[in-house]
Structures are given as structure tokens and as C-alpha cells.
Amino acid sequence: MPRTETDSGDRPEPRQPPTEIRFGAFVREITVQQNRISYNNLTPKLDAEGSESPYHAPRIRLRPIDAYRLIRPYVSTRFIEQIRAVVPLALYLVLFQLFILHQDILDAGIIAGGLVAVILGLMCFMEGLKVGLMPFGETLGSTLPAKAHLHLVLLIAFLLGIGVTFAEPAIGALKAAGQIVHVESAPYLYALLNDWSDILVLGVGLGVGIAAVLGTLRFLYGWSLKPLIYLTLVPTLGLTLYILTDPELAKTLGLAWDCGAVTTGPVTVPLVLSLGIGIAASAGKGQTSLSGFGIVTLASLFPILGVELLAIYVSLVTSPEQIITAAAEASALAAQPDWTARTPWLEIFGGLRAILPLVLFLFLVMRLVLRERIPHPGNIAYGITLAVLGMIIFNLGLTYGLSKLGAQSGGLVPASFTDIASVTGDPLYSFGVGLAVAFLFAWLLGFGATLAEPALNALGLTVENLTNGAFRKQLLMYAVSLGVAFGLALGVAKIVFGFSIAWLLIPGYLLAVVLTFFSTEEFVNIAWDSAGVTTGPVTVPLVLAMGLGFGDAMQAIEGFGILSMASICPILSVLVTGLWIQWKVRRKHRRYDESMNTTDAQEAST
């Protein structure tokens, strides 16, 4: 290769430094501040005896503005997340009451303060759950199978299922509903929600505990969910038919079936699920695509069975007349309730009693059974403190904000088609139009509340990945939301026309069994678990208060059953959607096979 003028030597001439630089680079260079530090300042100092003196760093002092800048990003994202869950629902109820029902908001300031308390309480509680309680469940799930026998593992899962039930935020709303029930109209229902309220929650907890055990065994041995659904529904529907034979006992059915929806909240599902998946993963059987599905379904069905059994037991040990007499005597004696039963002490003790026993149980298992030290005790203590504080604030907000607003709106909706005492100039519309307004109110509430549920969005992403895009996230979200919307509308129809909730539930679950039989295991897991994500800590108290307020205004015997309809209808809608998707996939495959056969035949003929 000929040498050019620039290649006069073996080495190339050195490049000249650039005479121009970018202004941004120039500014960056001249604004860098450098401080020279002597190496002697970094080495340990020696005392008079020649030994190194320890260095104690000075405490970091922050100005209030510095602390605010550090905390603001951490708090704002969590605060906004709860605002998105609470404010749209509250705004919907307020606007519906003002512009459709033409009624003012009573105690608007108190309700607004209660809603703020709900947002703050949920924010603190959910953060405390992630930081303080969830690490316990993950540690238990990963280390328990290696250090304990399977029987002890299942016992701990059973006890954990009971403990998490008492810590569910929506349980407080369920117990508070007992104040609305009139003892003369529904004695057994009144007894369950007042005299037997703690036993009622224990019965629900026993159901969740059994579900945790079966879910863990299912993870370990790879059992199908279908037989477990059939085996659980047979006694549950059988007891429902038996309870229908007693007119007084039949009034407890709505409560029993609603209890299944209350249990699958933000405490039960993550803790029990992390324990079950951790156990299965430690056994080398937790890597299937359906790991994690199914336990929510079981945790929804077994509590129904537990409450039905408790209701039957109460009917055997006492009579309606005895309950009415005892309630009259108790109201005569207890003119002034004890200080522990008054606000705010009721909410404070409720928050402490919900969280601390669960934490104590988890701590004893870690120390006495696993012989493990608590990982990051400072973070755990911080999380538990946040959870307790959040539960107390949430309970206060529930009392003065969410339940108050839901009961008020639900109590005013019947004025659209009938006469009620608290509204002048009612009915506001003709009977047909007013009835349509009431059903539309429930339908929109169910659709909007479910579509805004964060857990549904997460489930949609999981389902889309598991089905390789065949069941898209948007399709699942709309299927579940439509199911909840029609479920709430049917629940309102039950209160308006005064028939038993069993006449909706029994055909609904029998249809679900038939659809389950024809569906694949994958879609069965998705459909039956989708009902659990619709019952969040905001939706349950709001819908419960709305239903009870609606029933009270209609002078119905009881307003329970709406939540149960909001559970079965999404199952049906998702199962039907799954069968439609299966049919589309099979048709696509059949067309592809036919086209391939046609192509092969043409090639063979040529």
C-alpha cells in the first residue's frame, strides 16, 4: 500500500486538541467543586498511649424542609394510591345523591373527615402490612418446611388463617352491621352479630384456616381445584337448603354468604398465599404456572360453611323468644355503654386486638419453632406500628366516613320509587323509572368500584401472561366488573322484592358448577379466584353499608346478600368468557388444520 503524506513515519501524528467544546460541557466542568482532603485526616487518630481512638460520626441533623423532601416521594405515591381507591367512589355517591336524588349530604364535614381518615388509615395499614407482616409470611413459607414436620406446618397454616381473619379491615364493618338489625324482625341474625359476634369471626377464621391447609396441600401435591370446589359446594348448598326450612333461620343466609366475600382482603390473601407458595417452592413444586391460584377460592367458600354451622348451632341452643327477651333486658340495663364500647376507644382497642395477637403468634413461631432471629427487627417494628396505627385510623374513618356515606346514600335511593320517612316529596320518580334508577345506581357502583380495584389490574396482567395473550387483561377486567355490576343490581332486587337470597345463590352456583365442569383447569382457577379481588377494604364496607341502609329504608328484614351476589356473578361471567375464548382458540386451530390439509392435498395432486 503506498505511503501517503500523513504516513511519513511509523507512528501517526498526534491529534490536535479541539478548539471548540459544547457550552453545556463547559458549564458542567466549571461548576464542579473539588475539595482537597489530606490523607492524614482520613487515618485514625492516636491517643496518648499510641493506640487508635475510635471515630464517632456526628449525628446527621436535618432541617424540617430536608425531612419533608425526603419523606414526600415515599408518602405521596402511597397516599395517591389510596385516593384513587376512595375518592371516585365517594364522589360518585355524593353526585348521585345531589343530582339524581336531589338530597343534601347530611353531616358533610364529618363524612369528609372520615374519608380522609380512611385514606390515611389505609395508607399506613397497607405500608405496615408490606414492611412488617409480609416478611413474616415469606420467612415462614421458606424456612418452615425445612425445620418442621408437615403436620406442624399444616397446624401453623391453620392457626395463621384464623389470625389473619381477625386482622381483616372489613371484619369491623361486618360486626358494626349488627347495630342496624332489629332483634324482633331477625332474632337469630341479631344474635349472631351481637351476642355471638366474636364467635362469628372465629367461625369465619376456622373456615379460612381450613382453606389455608387445603391450599397448602394442593400446592404440595398438585391437586386439581375442580374436585375441591365440588366437595365444598355440596355441604354448603345442602346446609343452605336445610336452613331454608326454618323461616327465622333463613334470615341468616345473606350474612353467611356475605362472610365469604369479607375474608379475601388485603391481609388474608397475601399472608396465606405467601406461606402456601413458599412451602410448595421449598418442596420443589411451586414453579407451575398456576401456583398461587385456588387458595382465594377456598378462603371464600369455607367461611360460608362455618357461619351456616354456627347459625344452626345457635338455633339449637336458644329460641327467638329467648333472644328477644335477653336483648330487651340488656338494653334496659345498659343505658350507658361501657367506656371501652364508645368512640374512639372502641376503634383503638379494635385495632390493637386485630394486629397484635397475629404478630405475637408469628413471633412465637419464629422464635420457638424455627429458632430463627427476626430479620431486620427495626423495620418489622416500624411496619407493625404503622399497621396498628393504620387500622385504628381506618376504623375511625369507617365509622364516621365510609359507612356513614354508604348508609346515607343507600337509605335515600328507595325514595326514587317509593315513600320513605326521611324524604319529602317522594317518590321522586314514577315506579318504573325510580326502580330503574335504583338498579342503575347499584350497577354503576359495582362496575366503577371493581374497575378501579388495583388487585384486579394485577390479576389481569398475571392472567394475560399465563394464557399467552389469549385472555387479555382488559377483557378480564371488563368481565369481572360486569359480573359485579349485575351482582349488585340483583342484590338490590332481592331487597326491593323481599325474596330469599338463596333463590339467586343456589341456581347461580349450580350453573357455576356446570360451567366449571366444561372449562379447563386454567380458566377455572382464574374465574373462581377473580371473585376474591372484587372485595377490597373500601368496597366491602361501602357496599355492606349501602345494602343495609337500603334494606332499612325499605323496612326489609335484613339487607345482607349483596356481597355474595357480587362474588358469584363475576365467577359466571369469567367462566362464560373463558369458554368463549376456548371456542375461539379451537376454531382457529381447526381452520389452521383444514388449511394445512388442503395445502397437503393440493401438493399431493400436483
- Residues in ring pair (Phe, Tyr, Trp, His ring centres under 6.0 Å) contact with F523, at least two apart in sequence or another chain: F471
Give every donor-acceptor pair under 3.5 Å between a side-chain atom in residues 293-301 and any protein atom, sequence neighbours left out.
| residue | atom | partner | partner atom | Å |
| --- | --- | --- | --- | --- |
| T297 | OG1 | W528 | O | 3.1 |
| T297 | OG1 | D529 | N | 3.4 |
| T297 | OG1 | D529 | OD1 | 2.7 |
| S300 | OG | V296 | O | 2.9 |

State, yes or no, whether a side-chain contact exists between [X] and [Y] at a heavy-atom distance under 4.5 Å.
X: W443; Y: L488; result: no
X: M126; Y: E81; result: no
X: L225; Y: T516; result: no
X: L490; Y: F439; result: no

Could you give the side-chain donor-acceptor pairs of residues 86-104 under 3.5 Å, partners two or more places apart or in another chain?
| residue | atom | partner | partner atom | Å |
| --- | --- | --- | --- | --- |
| Y92 | OH | F441 | O | 2.8 |
| Q97 | OE1 | S409 | OG | 3.2 |
| Q97 | NE2 | D104 | O | 3.0 |
| Q97 | NE2 | Q408 | OE1 | 2.9 |
| Q103 | NE2 | L101 | O | 3.3 |

Identify all side-chain donor-acceptor contacts of residues 396-404 below 3.5 Å with residues at least two apart in sequence or on another chain.
| residue | atom | partner | partner atom | Å |
| --- | --- | --- | --- | --- |
| T399 | OG1 | E347 | OE2 | 3.1 |
| T399 | OG1 | N395 | O | 3.0 |
| S403 | OG | L398 | O | 3.2 |

- Message: So for atom CZ, which belongs to F518, do other residues, nucleotides or ligands contribute more than 12 heavy atoms lying within a distance under 6.0 Å?
- Response: no
- Above 12 or not: heavy atoms from other molecules or residues under 6.0 Å from OH of Y242?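 No, because the 6.0 Å sphere around OH of Y242 holds 12 heavy atoms or fewer from other groups.
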- Query: Taking D258 as the fixed residue, which of L544, V307, V543 is the one that meets the side-chain contact (heavy atoms from CB on, under 4.5 Å) rule?
  - Reply: L544
- Message: As a test of understanding, state which of V514, T240, L233, I229 forms a side-chain contact (heavy atoms from CB on, under 4.5 Å) with Y509.
- Response: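 Testing Y509 for a side-chain contact (heavy atoms from CB on, under 4.5 Å) against V514, T240, L233, I229 leaves exactly one candidate, L233.
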- Applying salt bridge (Lys or Arg N to Asp or Glu O under 4.0 Å) to R84 and not counting sequence neighbours gives none
- Which residues satisfy the side chain to side chain donor-acceptor pair (under 3.5 Å) test with S224, sequence neighbours excluded?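 S224 satisfies side chain to side chain donor-acceptor pair (under 3.5 Å) with E521 once adjacent residues are dropped.
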